[in-house]
Amino acid sequence: MMSSRFALLSTPYAWSVRTARALSCTAALSALLAISACSSKPPTPAWQIQASSALNVSQSAYLDGNERVAAFELNKARADISRTGSPQELARLELHQCAMQLASLDFQACTAFSPLASSASAQERNYALYLQGLHLDAGQRATLPETQQTIAAYNTVDAQSLQTAARIEEPLSRLVAIAALSRRAQSTPAPLLELAINTASQAGWRRPLLAWLLAQKTFAQAQHLPELEQSTDLRIAIVQQQGRAIEHQPEQQAPASQ
């Protein structure tokens, strides 16, 4: 004889009320046990979820050049973190913001981190020094985020440092590394500009892309490279127009010889 369990599966519409109630109770008990098992792990604190969400929105807005939204969401993240009263947590937030500014060639001082530095960990203070373009010893470099440790050993822009930067997979980390290298080396040669521009372009980040394109234009002017300057001007116009049609600029004709 076929067991009742398989009989129910073969004729699902013939369930009795009693059987349905039994299955319902079993399902409810299973769900309750699952919930109990999950609840053994402490839930993520609300401030952490909210701060992370606000910071993600702020980062996207900042890299897109939307200053108003970026500042608003950054202040929301600060407010959420301030509920902990932890200077270490707030220091990490401010360093993240300073790193984004550096990636966009904004070399202003990381003033929001300064009042927190005395309470920050050695790891955070070393990262602040790194963002300032200072040279770090091996012990200090070992405390940096993993993506920055190898590139931090280079103080000049050469083939090896360029390859090291290019191997960083995460685009924002790569831009930070490129900008920090440029700041340390006090040099921004054409290959470094190209790597930074390609990184920002592929990510679709308007703010850092425009900053690096303007740096390339300055380089082209200093090196008397009119073709590079012209192509860079076109890319700058495309970024600045934000989808609007680019106005045609007629080429200047050379004066006729007398």
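These figures come from a predicted structure and were not determined experimentally.
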Contact summary for Ala51 and Ala77, nearest pair of heavy atoms | O-CB, 3.8 Å
Closest approach of Ala91 and Glu124, non-hydrogen atoms and distance?
-> CB-OE1, 4.3 Å
Got a second to check how far Leu95's CG is from Tyr130's OH, nearest 0.5 Å?
-> 13.0 Å
Short side-chain donor-acceptor distance under 3.5 Å, Ser53 and Asn56 = no
About how many Å separate CD1 of Ile178 and CG of Leu102, when rounded to the nearest 0.5 Å?
-> 10.5 Å
Hey, can you pull the donor-acceptor pairs under 3.5 Å for the side chains in residues 212-220, sequence neighbours left out?
from: Trp212; atom 1: NE1; to: Ala103; atom 2: O; distance (Å): 2.9
from: Gln216; atom 1: NE2; to: Thr232; atom 2: OG1; distance (Å): 2.9
from: Lys217; atom 1: NZ; to: Asp233; atom 2: OD1; distance (Å): 3.1
from: Thr218; atom 1: OG1; to: Leu214; atom 2: O; distance (Å): 3.1

Are the side chain of Arg184 and the backbone of His135 linked by a donor-acceptor contact shorter than 3.5 Å?
-> no
First locate atom CG of Leu136, then atom CD of Gln149, and finally report the distance between them rounded to the nearest 0.5 Å.
-> 11.0 Å
State whether the side chain of Asp137 and the backbone N or O of Gly139 hold a donor-acceptor pair below 3.5 Å, judged by distance alone.
-> yes
Could you check if a side-chain atom of Ser182 sits within less than 4.5 angstrom of a side-chain atom of Leu192, using non-hydrogen atoms only?
-> yes
Taking every non-hydrogen atom, the tightest pair across Pro115 and Thr111 | CD-O, 3.1 Å
Smallest heavy-atom separation, Ala185 atom then Val157 atom, equals CB-CG2, 3.9 Å
Tyr127 reachable from Leu116 in the ILVMFWY side-chain graph, under 4.5 Å edges = no
Do Pro208 and Leu63 come within less than 4.5 Å of each other through their side chains, counting heavy atoms only?
-> yes
State, without any angle test, whether Ser104 and Arg207 hold a side-chain donor-acceptor pair at a distance under 3.5 Å.
-> no
Can Arg235 and Ile197 be said to form a side-chain contact (heavy atoms from CB on, under 4.5 Å), step by step?
-> CA-CA 10 Å; Arg235 297 193 69 175; Ile197 289 169; 3.5 Å; yes
Should we say atom CZ of Phe107 is surrounded by more than 12 heavy atoms from elsewhere, each under 6.0 Å from it?
-> yes
Does CD belonging to Gln108 count more than 12 external heavy atoms closer than 6.0 Å?
-> yes
4.5 Å side-chain heavy-atom contact, Leu175 and Trp205 = yes
Check: Ser52 side chain, Ile49 main-chain N or O, donor-acceptor pair, under 3.5 Å | no
The complete set of side-chain hydrogen bond (donor to acceptor under 3.5 Å, both in side chains) pairs with one or both residues in residues 80-90, sequence neighbours excluded, reads Gln50-Arg83, Asp80-Arg83, Ser86-Gln88, Glu89-Arg92
Any side-chain heavy atom of Leu129 within less than 4.5 Å of one from Arg125?
-> no
Smallest separation among heavy atoms of Leu144 and Ala152, with atom names = CD1-CB, 3.6 Å
At what distance, to the nearest 0.5 angstrom, does OG1 of Thr199 lie from CG of Leu209?
-> 10.5 Å
Does the side chain of Gln148 come within less than 4.5 Å of Ser173's, by heavy atoms?
-> yes
Say you draw a straight line from CG of Leu172 to NE2 of His96; how long is it, rounded to the nearest 0.5 Å?
-> 6.5 Å
Closest heavy-atom pair, Arg174 versus Ala165, reported as atoms and distance to 0.1 Å, is CG-O, 3.2 Å
Just how far is it from atom CG of Leu93 to atom CD of Gln97, taken to the nearest 0.5 Å?
-> 7.5 Å
Answer whether the closest heavy-atom distance between the side chains of Lys76 and Val57 falls below 4.5 Å.
-> no
Met100 and Phe72: same hydrophobic cluster, using ILVMFWY side-chain contacts below 4.5 Å?
-> no
Validation row: Arg78, Leu74 side chains within 4.5 angstrom (heavy atoms) | yes
